[in-house]
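Contents: one structure, followed by commentary.
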Amino acid sequence: MDNTEESAIELHGDEEIIEVIDLNDVETGPDDLADDLEDVDFEDAGNADDADDNEGWETEDEMDAEAEQDDSELTFSKHTGSVFCVSLDPATNSLAVTGGEDDKAYVWRVSDGEVLLECTGHKDSVTCAVFSHDSSLVASGDMSGMIKVWKVETKEEIWSFEVGDLEWLEWHPCAPVLLAGTDDGNVWMWKIPAGDCKTFPSSACQATSGKVLPDGKRAIVGYEDGTVRVWDLKQGNAVHIIKGQDGHQGALTCLACNKDGSLVLTGSVDGCAKLINTATGKQMFAVLPLIAVAYLDGTLAIYDLSTQVLRHRCQHEAGIVHLQWEDSSSLVSTCSLDGALRFWDARSGNMVSEYHGHTAEILDFTINREGSLAITASGDNQVKVFCLQRPDR
């Protein structure tokens, strides 16, 4: 590939990129790709006199007021340890699944917090919990590599498997097929519940991030050594390998694709973001209007890709853990280590709203497709449901 070092976008010094997500892609219709996988070969504020002394400091009453502020509509408190992950069922967005430090996952109703399924039997903290494309199944995975699949309707465990230390877990977008990446560099793919298995091996370094592309035929995987591979799920081969100067110079931390999967944006500990054409494996520029990049120093950076210029720097009081764009909107949401959920207008760089309620860091969050509810998972052992109110709604 004829890419040079200067084609990598230097985004923010040496800070670690948490997540990068593109904006305003055209929605495409769903494709039923299950048939394509059938023939895969599986194996008090103080006195006035003290005002100057208190300037820049929070008084005890102010801190107490902040701690007591709770903007949430509902709090789910079944977990007995930090909650690491949360996701909504894609069919109705009425059910949530959460996984935590207590070695459990719960499936519960968003409207009232009623538990529908308790996923037990894990050996370590549950860090991955996701619904299948039709919401009939839920998969839970723990740090040790134990993966379990449950049927939501009958509340029964229908399949389990143990791999190496788990890095990520994701369902196929149109079929009961589950993929996982592990610290030994392997990517696994299973048909559920039959358990037919196929592996996609690579060099002995962690498969740190992965995503099945919307076409359902390919997956893109990032590795600890900075390499990015595009895998053909049917043939089992890597159709593109982006490495060396064309790849990253440090471990991949995140990746995101546009609606049709033709473009993937990758982030790394090297402080760079790269836009990759999944059909050619080459870098591209001036295609997406905006990207958002979150950093552990609390900076949310909005970049214009056509000019490769920083548009806005939105500062948080603590490190950012996760960000998400609202579909077909300029609104980007963030959660951070100060326990707050915030919404920003990427066009102006202004904060639109913020929500409080947690007494510890938010570790994950998700928003329903209508943009009316946000669900946050926190180190305070709680999950909260927030009703989102904006003037433009």
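In terms of heavy atoms, V264 sits closest to L213 at CG2-CD2, 4.0 Å. Nearest approach of S348 to H312, heavy atoms of both residues: O-CE1, 3.2 Å. Smallest separation of non-hydrogen atoms from G216 and L233: O-CD1, 3.7 Å. Listed here is the closest heavy atom pair of S202 and N186: N-OD1, 4.3 Å.
From L337, atom CG reaches atom OG of S378 across 10.0 Å, with rounding to the nearest 0.5 Å. The NZ atom of K151 sits 11.0 Å away from the OG atom of S132 when rounded to the nearest 0.5 Å. Atom CE of M189 is separated from atom CG of L178 by 10.5 Å, given to the nearest 0.5 angstrom. With values rounded to the nearest 0.5 angstrom, C387 atom SG is found 6.0 Å from L373 atom CG. Summarising the geometry, atom CG belonging to D102 is positioned 8.0 Å from atom CG belonging to N381; distances are rounded to the nearest 0.5 Å. Put simply, OG1 on T98 and CZ on F84 are 12.0 Å apart, with the number rounded to the nearest 0.5 Å.
When each of D184, D142, D183 is tested with D165 by the rule side chain to side chain contact (heavy atoms under 4.5 Å, CB included), just one qualifies, namely D183. Of the listed residues (I375, V110, N93, V385), just one forms a side chain to side chain contact (heavy atoms under 4.5 Å, CB included) with N368, and that residue is N93.
Within the 3.5 Å criterion, the main-chain N or O of D124 finds no donor-acceptor partner in the side chain of H122.
Taking the side chain as every heavy atom from C-beta outward, I220 and V228 approach each other to under 4.5 Å. A 4.5 Å side-chain heavy-atom check between L169 and I147 finds at least one atom pair inside the cut-off. Contact of the E170 side chain with the K211 side chain is registered, since non-hydrogen atoms from C-beta on lie closer than 4.5 Å. Contact check for L388 versus I367: side-chain heavy atoms found under the 4.5 Å cut-off. You'll find the side chain of L179 reaches within 4.5 Å of the side chain of V212, heavy atoms only. Two residues are said to be in side-chain contact when any heavy atoms from C-beta on lie closer than 4.5 Å; L310 and I302 fail this criterion. Residues T253 and V269 meet the side-chain proximity criterion, which asks for heavy atoms closer than 4.5 Å. Residues E326 and S333 have side chains not in contact (no heavy-atom distance under 4.5 Å, counting atoms from C-beta outward).
A donor-acceptor contact under 3.5 angstrom links the side chains of H248 and T266, judged on distance only. For the residue pair H358 / T376, a side-chain donor-acceptor distance below 3.5 Å is found, with atom types taken as modelled.
Residues K243 and D246 are not paired through a salt bridge, judged by the lack of any N-O separation under 4.0 Å between the basic side chain and the carboxylate. Classification of D338 and R342 as a salt-bridged pair holds, one side-chain N sitting under 4.0 Å from a carboxylate O. Electrostatic pairing of D71 and K384 does not count as a salt bridge here, judged by no charged N lying under 4.0 Å from a carboxylate O. The pair D345-R347 counts as a salt bridge, with a side-chain nitrogen and a carboxylate oxygen less than 4.0 angstrom apart.
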Evaluation steps, side chain to side chain contact (heavy atoms under 4.5 Å, CB included), between V97 and V86: CA-CA 6 Å; V97 60; V86 57; over 6 Å; no

Residues T334, H322; criterion side-chain hydrogen bond (donor to acceptor under 3.5 Å, both in side chains); working and verdict: CA-CA 6 Å; T334 60; H322 180 57; over 6 Å; no

Worked check of ring pair (Phe, Tyr, Trp, His ring centres under 6.0 Å) between W108 and F76: CA-CA 9 Å; W108 49 280; F76 181 79; 4.4 Å; yes

Verdict with supporting geometry, S140 and W150, side-chain hydrogen bond (donor to acceptor under 3.5 Å, both in side chains): CA-CA 8 Å; S140 55; W150 313 76; 3.2 Å; yes

Trace of the side-chain hydrogen bond (donor to acceptor under 3.5 Å, both in side chains) decision for Q235 with N237: CA-CA 6 Å; Q235 301 300 326; N237 63 299; over 6 Å; no

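More than 12 heavy-atom neighbours from other residues, nucleotides or ligands sit within 6.0 angstrom of CD on E118. Atom CD of E354 is surrounded by more than 12 heavy atoms from other residues, nucleotides or ligands within 6.0 Å. The environment of M146 atom CE is dense: over 12 non-hydrogen atoms of other residues, nucleotides or ligands sit within 6.0 angstrom.
Relative ring orientation between W344 and H316 is described as tilted, the plane-to-plane angle lying within the 30° to 60° band. Between W190 and W188, the two ring planes are parallel [angle under 30°; tilted spans 30° to 60°].
The aromatic ring centroids of F365 and F386 lie 6.0 Å or more from each other.
Both the sub-6.0 Å distance and the 45° axial angle are not jointly satisfied by R311 relative to the ring of Y303.
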